[in-house]
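Positions are given from 1, in the same order as the sequence printed here. All values below come from the heavy atoms of this structure, side chains included, with hydrogens, waters and symmetry mates left out.
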Amino acid sequence: MSKKFMKVQRIEHGTVIDHILPGRAFDVLRVLGISTDRSMSILINSHSAKGGTKDILKIEDVELSDEEASRLALVSPHATVNIIVEGKVVKKFNAEAPVMVRGVLSCSNPNCISNQNEPIQSEFRLSLDSEHRYVCTYCQRDIVDLARRIRS
Ligand SMILES: [Zn+2]
C-alpha cells in the first residue's frame, strides 16, 4: 500500500498557526475562544520538515490580533502566526508569551483571593527565572500547567 499524505487545502482568508507544540491544537482553540464549529483544518502530530512533530491550525475568516497571539503563546510558545488575505501571507510573526496575563487564567490555589468571588481579576506575571512559568500576583503560587488553568 502506498503512503498517501493528506493534502490540506490552502485558505484564501484567515489565519494559519504553524509550529504548535504537538497535541496542543485544541488548547490553542480553547485559549483563543474559537469554536470548533467554524470552518478550519486541524493537523495533529504532523511531521515537521525540521524533524519532530507539530500541530497546525488553519482557521478560515479569522485574523488573529497581536493580543490573541500572545494568549496563544500561553499554551504553545513560539508558534508561528500567518495572516492570509486573498490567498497571500500579509503578516507573519511569532507568538510571544505575555509578561502579564489578566483574567485569562485561574489560580490553582483554591484559597487565593482571585478565587473567592471578589470583584478582582486574576493576574499572573511571567517568571523571570524560568522559560515558561507564571506566578499569581495575589498568592505567589506558580502556574505550571497553563493549558489546564484557562478559564472557560
Ligand atoms: Zn493565586
Side-chain angles (χ1 to χ4, degrees), residues 6-50 52-110 112 114-115 117 119-128 130-139 141-152:
M6 189 171 63
K7 186 147 185 167
V8 176
Q9 219 168 344
R10 41 184 255 141
I11 57 176
E12 280 299 306
H13 176 229
T15 299
V16 175
I17 309 171
D18 200 355
H19 304 289
I20 299 170
L21 292 174
R24 285 290 173 92
F26 288 99
D27 290 332
V28 168
L29 290 173
R30 212 152 52 86
V31 78
L32 294 176
I34 293 173
S35 152
T36 45
D37 39 5
R38 293 195 74 93
S39 176
M40 65 175 81
S41 306
I42 305 171
L43 279 115
I44 308 282
N45 297 323
S46 170
H47 287 278
S48 166
K50 293 175 189 166
T53 56
K54 61 180 181 176
D55 288 5
I56 305 170
L57 275 171
K58 298 187 177 196
I59 311 160
E60 284 182 46
D61 298 324
V62 169
E63 288 182 33
L64 225 59
S65 67
D66 290 356
E67 191 273 326
E68 288 170 317
S70 68
R71 249 191 291 156
L72 127 74
L74 293 174
V75 292
S76 185
H78 316 304
T80 314
V81 179
N82 299 272
I83 309 293
I84 317 285
V85 176
E86 292 176 354
K88 291 196 180 78
V89 178
V90 294
K91 191 176 172 192
K92 182 173 182 163
F93 58 101
N94 290 321
E96 298 290 347
V99 174
M100 181 88 87
V101 184
R102 289 192 184 92
V104 178
L105 303 169
S106 63
C107 186
S108 61
N109 173 6
C112 178
S114 69
N115 284 327
N117 292 321
I120 53 165
Q121 221 179 13
S122 70
E123 189 180 285
F124 300 88
R125 282 170 195 280
L126 183 64
S127 166
L128 297 174
S130 160
E131 168 80 4
H132 197 57
R133 188 169 67 95
Y134 282 84
V135 180
C136 178
T137 301
Y138 301 104
C139 71
R141 183 176 282 205
D142 286 354
I143 308 296
V144 181
D145 191 356
L146 293 170
R148 289 188 54 202
R149 306 309 318 170
I150 298 164
R151 295 186 158 203
S152 43

Give me the atom names and distance for the closest heavy-atom approach of [X] to [Y].
{"X": "Pro110", "Y": "Asn115", "value": "O-CB, 3.8 Å"}
{"X": "Leu126", "Y": "Pro98", "value": "CB-O, 3.8 Å"}
{"X": "Ser76", "Y": "Val28", "value": "CB-CG2, 4.3 Å"}
{"X": "Val85", "Y": "Glu63", "value": "CG2-OE2, 3.9 Å"}
{"X": "Tyr134", "Y": "Val99", "value": "CE2-O, 4.3 Å"}
{"X": "Thr15", "Y": "Leu64", "value": "OG1-N, 3.2 Å"}

Using a 3.5 Å distance criterion without hydrogens, assess whether the side chain of [X] forms a donor-acceptor pair with backbone atoms of [Y].
{"X": "Arg141", "Y": "Cys107", "result": "no"}
{"X": "Ser127", "Y": "Val135", "result": "no"}
{"X": "Arg30", "Y": "Ala147", "result": "yes"}
{"X": "Arg71", "Y": "Val31", "result": "yes"}
{"X": "Arg24", "Y": "Val75", "result": "yes"}
{"X": "Arg149", "Y": "Ser106", "result": "yes"}

Any luck finding a side-chain donor-acceptor pair between His13 and Asp61 under 3.5 Å?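 Per modelled atom types, His13 and Asp61 side chains form a pair under 3.5 Å.
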Is any side-chain heavy atom of [Y] closer than 4.5 Å to one of [X]?
{"X": "Asp55", "Y": "Asn45", "result": "yes"}
{"X": "Asn109", "Y": "Tyr138", "result": "no"}
{"X": "Pro77", "Y": "Leu21", "result": "yes"}
{"X": "Val101", "Y": "Ile143", "result": "no"}
{"X": "Thr53", "Y": "His47", "result": "yes"}
{"X": "Met100", "Y": "Glu123", "result": "yes"}

Can you list every pair that meets salt bridge (charged side-chain N to carboxylate O under 4.0 Å, His left out) and has a residue in residues 72-96, with sequence neighbours left out?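 Salt bridge (charged side-chain N to carboxylate O under 4.0 Å, His left out) check on residues 72-96 returns Asp66-Lys91.
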His19 and side-chain contact (heavy atoms from CB on, under 4.5 Å): which single residue from Thr80, Val81, Asn94 fits?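 Result for side-chain contact (heavy atoms from CB on, under 4.5 Å) with His19: Thr80.
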